[in-house]
Number of protein chains: 2
Amino acid sequence: MADKDNSVNIKKAPAKAERAYHHGDLRAAVIAAGLKRLAEDAGGELGLRALARDVGVSATALYRHFPDKEALLDALAEEGLRRLGALQAQAWLKAGGGRAGFKATGIAYVRFAHDEPALFRLSFTRQMPDRKTEEAGDGGEVAYNLLRAGVGEVFPDAESADAAALHAWALVHGLAMLILDRRVTWSEAMVERVVGLTFGGVD
Amino acid sequence: MADKDNSVNIKKAPAKAERAYHHGDLRAAVIAAGLKRLAEDAGGELGLRALARDVGVSATALYRHFPDKEALLDALAEEGLRRLGALQAQAWLKAGGGRAGFKATGIAYVRFAHDEPALFRLSFTRQMPDRKTEEAGDGGEVAYNLLRAGVGEVFPDAESADAAALHAWALVHGLAMLILDRRVTWSEAMVERVVGLTFGGVD
DNA sequence: CGCCATATGTTTCCATCGTAAACATCACAA
DNA sequence: TTGTGATGTTTACGATGGAAACATATGGCG
C-alpha cells in the first residue's frame with residue numbers, strides 16, 4: 001500500500017494514489033517546482049513561501065503534504081540521488097561496462113554535480129539520522145551498486161575492495177565538492193585526467 | 001582580560017586600527033565566540049543575535065566591524081583555513097617530511113574536518129567570488145604549499161603533477177565531506193588505509 | 001583645559017522566514 | 001441531504017538579518 005510512488009510523476013496521470021482535489025497532486029507539483037528552482041537559482045535559499053507562490057498556492061498549504069520544510073527538502077534530495085544514479089547507470093551502459101564503464105560512472109558523478117550544483121549539494125548535505133529505514137529504495141541504491149560492481153572490475157583483489165571503493169567514491173565526491181565550491185574550475189579534460197588516475201586510464 | 005589573547009589576530013598588522021574603545025577589540029572577541037559556537041554547536045545556524053549575546057553586546061553592534069553577516073562568516077572561514085594549514089604543517093614536520101609527511105598532511109586534513117565539522121564546512125562552503133585580491137595571506141596558502149611540496153615527493157614525474165595534486169586534494173576533501181555528511185563513519189584506521197592508497201603506503 | 005569629529009555601541013523598527021491554529025472549501029459516501 | 005475527512009487559506013507569532021536614528025566615549029587639536 002504505497003501512499004507515495006517512487007518517481008515523481010510530474011505530468012502524467014497519478015495512477016490511483018493522490019487524487020486531484022483542489023489542486024490536483026500538489027505534492028508532485030511542489031517537488032517539480034523545487035527542482036526547477038534548484039536548477040535555475042543555483043544560489044540562494046529555497047523558501048517555502050516562494051515555492052508555494054510558484055505553484056500558485058498559499059504557503060501553509062504545503063504542510064498538508066510535508067510535515068515540515070525538512071521533509072520537503074528530503075524529498076527533493078531523494079529525487080536528486082535517484083537522478084544521479086540514473087545518469088551513472090546510463091554512463092556505465094554506454095561505455096559497455098568494465099573498466100571504461102567504471103571510469104564513466106565516476107565522470108558522470110562529477111558532471112552531475114557540475115550541472116546541478118544545488119541539487120547535488122542538497123542531496124548530500126541532507127543528513128538522515130535514522131530515517132526509520134525507509135523500506136522503499138533509498139535513491140542512492142543504484143549508485144552504490146554500480147560502485148561495488150565497478151570496484152570489482154578494477155580491483156579484483158578482494159582484500160582491499162572496501163578501501164578501494166571508498167577511495168573511488170571519495171575521489172569523485174571531493175572533486176565534485178571542490179568544483180562546486182569554486183576551489184577548482186570545471187573542465188571536461190581535467191576531470192577525465194584526475195578520475196582516470198584512480199578509475200583506470202582506459203579510454 | 002582573556003578577550004584578546006586568542007590566536008585570532010586576524011590582521012597580521014593591526015598597524016593603527018582597532019584599538020580598544022568601549023569593548024576592547026570587539027572584532028576579535030566576536031570571532032573567538034563564533035569559533036567556540038561552531039565547535040560546540042556543530043549543527044544549527046550561527047545567528048548574529050546569539051553571537052552578540054555571547055560577547056555581551058547588542059546585536060547590531062557587530063555591524064560596526066563587519067559590513068554584514070557574510071563578512072563575519074568569511075572571517076571565521078579564513079581563520080578555519082589558517083588552522084587547517086597549521087595542523088597540516090605540524091603533521092608534516094612531525095612525520096619528518098617526505099612520503100610519510102605527505103600522507104600525514106592528508107590524514108590531518110580529514111581529522112580536522114572530523115574534529116571541527118562546522119568550521120571545516122564553513123571554510124569551504126564560503127565562496128569568494130573575486131575577493132578583491134586580499135593582499136593578506138588567503139589562509140589556505142599554507143595548505144596549498146604543502147600540497148605542492150608533497151606531490152613533488154610522491155610523484156616526481158612533473159608531467160602529471162597537476163593532476164596528481166588535484167587527485168590528492170580531492171581524495172581527502174571527499175573523504176572529509178562524506179564523513180561530515182554521515183555517508184561514511186569516521187575511523188582512524190579507515191582513513192589511514194584509504195589515504196594511504198594515494199599518498200603512498202609508507203607507515 | 002575645553003570642544004568636537006569620529007569610532008563605537010544601543011534602541012527602535014521593518015520585511016521575511018517557518019509554522020501553528022482557526023477557519024473555509026471541496027469530494028464523496030451513507 | 002448531510003456529514004466527514006482531506007485539502008487549502010487566513011491570521012498570528014516568534015526569530016531572523018539588517019537599516020536608521022540616537023547615545024556615548026575617545027582622542028586630537030585649539
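We name chains A, B, ... by the order of the sequence lines, and we start the count at 1 in each one. Because the structure is predicted, anything quoted here is derived from the model rather than measured. In what follows, every heavy atom counts, from backbone to side chain, and hydrogens, waters and symmetry copies are set aside.
- Distance K69(B) NZ to dC17(C) C1': 12 Å, rounded to the nearest Å.
- A search for ring pair (Phe, Tyr, Trp, His ring centres under 6.0 Å) contacts involving F112(B) returns nothing, not counting sequence neighbours.
- The side-chain hydrogen bond (donor to acceptor under 3.5 Å, both in side chains) check on W186(B) picks up nothing, with sequence neighbours excluded.
- Spacing between atom CZ of R64(A) and atom C1' of dG5(D) amounts to 11 Å, rounded to whole angstrom units.
- By the 4.5 Å heavy-atom criterion applied to side chains, H173(B) and F120(B) are counted as neighbours.
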Please list, pair by pair, any protein nitrogen or oxygen found under 3.5 Å from a nitrogen or oxygen in nucleotides 11-14 of chain C.
unit_1  : atom_1 : unit_2 : atom_2 : d
dT11(C) : O4     : T60(B) : OG1    : 2.6

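- In this structure, the CZ atom of R27(A) is 17 Å from the C1' atom of dG8(D), given to the nearest Å.
- Look at CG on L48(B): it is 6 Å from P on dG18(D), rounded to the nearest Å.
- Put simply, CG on L62(A) is 13 Å from P on dC17(C), counting in whole angstrom units.
- In this structure, E45(A) places its CD atom 13 Å from C1' of dT16(C), rounding to the nearest Å.
- Separating the CG atom of L51(B) from the P atom of dG18(D) is a distance of 13 Å, rounded to the nearest angstrom.
- In this view, E188(A) and R111(A) satisfy the side-chain hydrogen bond (donor to acceptor under 3.5 Å, both in side chains) rule, not counting sequence neighbours.
- dA22(C) atom P lies 17 Å from atom OH of Y63(A), rounded to whole Å.
- Of the side-chain N and O atoms in H65(B), none sit less than 4.0 angstrom from OP1 or OP2 of dA7(C).
- Pairs of residues two or more places apart, or lying in two chains, that qualify as ring-ring contact (aromatic ring centres under 6.0 Å, His included) and include a residue from residues 84-108 of chain A are F102(A)-F199(A).
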Side chains of residues 39-55 of chain B: which donor-acceptor partners sit under 3.5 Å, not counting sequence neighbours?
unit_1 : atom_1 : unit_2 : atom_2 : d
D54(B) : OD1    : R37(B) : NH2    : 3.4
D54(B) : OD2    : R37(B) : NE     : 2.6

